[in-house]
Undergrad: 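Sharing a structure here in structure tokens format.
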Amino acid sequence: MTALARRSFLAALVGLGALLRRRDAGATTIVPVTLEELTRRSELVVLGTVREVRSRWRGRFIVTDCDVSVDVSLQGALAAGERVGVRVAGGEVEGVGQVIPDAPMPQRGGSYVFFLQGAEEGMRLLAHMTAAVLPVTLGADGAMVVGTAPGLAGTTSGRLTDSPARSLPVGELARAVRAAGAR
């Protein structure tokens, strides 16, 4: 074997060894949370409509800031018509996107229930990575229905179940949030 062939062979072997030793990045495990626990973690719980959505770089990460018009405050001291800024992880800036699996990405014009705690740079933060933004839609009867989120766990008699939480009429969710917040 010539010296050049031997060097090429060794380089290929080193490269193969590096590929075989490569480890995948660890994944984040999201612990499911009940509606009661999510409410207790939250300083504010509001049903609101997203008016504007702006994604931007924050260091090496993309965040999306949402301007939300409050329709109903379920917990906290915001009045209907007030605005609150909500920050979520991920988004797209100039063709570069960052997505966190199961994390919410509210859409402009959409209605959601937001569970919020803390703030940074004047923006409120989600009380849970995947369970703190619940979509609000109209049911077949025209009534508002609050959907679920991947990290929101179902309960039976106060215990977690393997099944996800179920959708609720807005009034039922409001009663559950107010009851949990009162404890």
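Heads up: numbering here begins at 1 and tracks the sequence.
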Undergrad: Donor-acceptor pair, R124 side chain versus G118 backbone, under 3.5 Å?
TA: yes
Undergrad: Taking all non-hydrogen atoms of both residues, which atom of P101 and which atom of V99 are closest, and how far apart?
TA: CD-O, 3.8 Å
Undergrad: Just by modelled atom types, is the T49 backbone N or O under 3.5 Å from a matching donor or acceptor in the S111 side chain?
TA: no
Undergrad: Which value, rounded to the nearest 0.5 Å, describes the distance between R58 atom CZ and D65 atom CG?
TA: 9.5 Å
Undergrad: Would you indicate whether the side-chain heavy atoms of E92 and I62 approach each other to under 4.5 Å?
TA: no
Undergrad: Under a 4.0 Å N-O cut-off, is there an ion pair linking E94 with R56?
TA: no
Undergrad: Any side-chain to backbone donor/acceptor pair from E82 onto A79? Under 3.5 Å, distance only.
TA: yes
Undergrad: Look at the side chain of R108 and the backbone N and O of R51, then say whether any donor-acceptor pair between them is shorter than 3.5 Å.
TA: yes
Undergrad: Do R41 and H128 come within less than 4.5 Å of each other through their side chains, counting heavy atoms only?
TA: yes
Undergrad: State, yes or no, whether a side-chain contact exists between L74 and V72 at a heavy-atom distance under 4.5 Å.
TA: yes
Undergrad: Hey, does D67 have a side-chain heavy atom less than 4.5 Å from the side chain of V50?
TA: no
Undergrad: Using every non-hydrogen atom in the two residues, find where G91 and T64 come nearest and quote the distance to one decimal.
TA: CA-OG1, 3.5 Å
Undergrad: Check whether any side-chain heavy atom of V113 lies under 4.5 Å from a side-chain heavy atom of V46, and answer yes or no.
TA: no
Undergrad: Mind checking whether V133 and V63 sit in one hydrophobic cluster, side chains of I, L, V, M, F, W, Y counted as touching below 4.5 Å?
TA: no
Undergrad: Quick one: closest heavy-atom pair of A132 and L126, and the distance?
TA: CB-CB, 3.9 Å
Undergrad: Do the side chains of R40 and E37 get close enough for a salt bridge, i.e. N-O under 4.0 angstrom?
TA: yes
Undergrad: Under the side chain to side chain contact (heavy atoms under 4.5 Å, CB included) criterion, do V136 and V170 qualify, and how do the steps go?
TA: CA-CA 8 Å; V136 177; V170 167; 4.3 Å; yes
Undergrad: Is there a donor-acceptor pair under 3.5 Å between the side chain of Y112 and the backbone N or O of V146?
TA: no
Undergrad: Are the side chain of Q117 and the backbone of F115 linked by a donor-acceptor contact shorter than 3.5 Å?
TA: no
Undergrad: Membership question, hydrophobic clusters at under 4.5 Å side-chain separation (ILVMFWY): are L47 and V84 in the same one?
TA: no
Undergrad: Give a yes or no answer on whether the side chain of E43 reaches the backbone of G76 with a donor-acceptor pair at less than 3.5 Å.
TA: no
Undergrad: Please examine the side chains of M144 and P169, heavy atoms only from C-beta on, and report whether any two atoms are closer than 4.5 Å.
TA: no
Undergrad: Could you check whether any side-chain N or O of E52 sits under 3.5 Å from a backbone N or O of C66, counting only pairs where one atom can act as donor and the other as acceptor?
TA: no
Undergrad: Roughly how far, to the nearest 0.5 Å, is the CZ atom of F61 from the CD1 atom of I100?
TA: 9.0 Å
Undergrad: Nearest 0.5 Å, please: how far is CG in L78 from OG in S69?
TA: 10.5 Å
Undergrad: Is V86 close to L116 at the side-chain level, that is, under 4.5 Å between some pair of heavy atoms?
TA: yes
Undergrad: Run the side chain to side chain contact (heavy atoms under 4.5 Å, CB included) test on V53 and Q107 for me, step by step, so that the C-alpha distance in whole Å, both residues' side-chain angles and the decisive distance to 0.1 Å come before the verdict.
TA: CA-CA 7 Å; V53 176; Q107 302 298 307; over 6 Å; no
Undergrad: Can you name the closest pair of heavy atoms from L38 and S42 and give their distance?
TA: O-OG, 2.7 Å
Undergrad: Flag the pair V88 / P106 as yes when at least one side-chain heavy-atom distance between them is below 4.5 Å, and no otherwise.
TA: yes
Undergrad: Rounded to the nearest 0.5 Å, how far apart are CG of L35 and OG1 of T148?
TA: 11.5 Å
Undergrad: Mark yes or no for whether Q98, through its side chain, and A89, through its backbone, hold a donor-acceptor pair below 3.5 Å.
TA: no
Undergrad: Keeping T130 on the side-chain end and G151 on the backbone end, is there a donor-acceptor pair under 3.5 Å?
TA: yes
Undergrad: Can you name the nearest heavy-atom pair linking G147 to S167, along with the distance?
TA: CA-OG, 3.7 Å
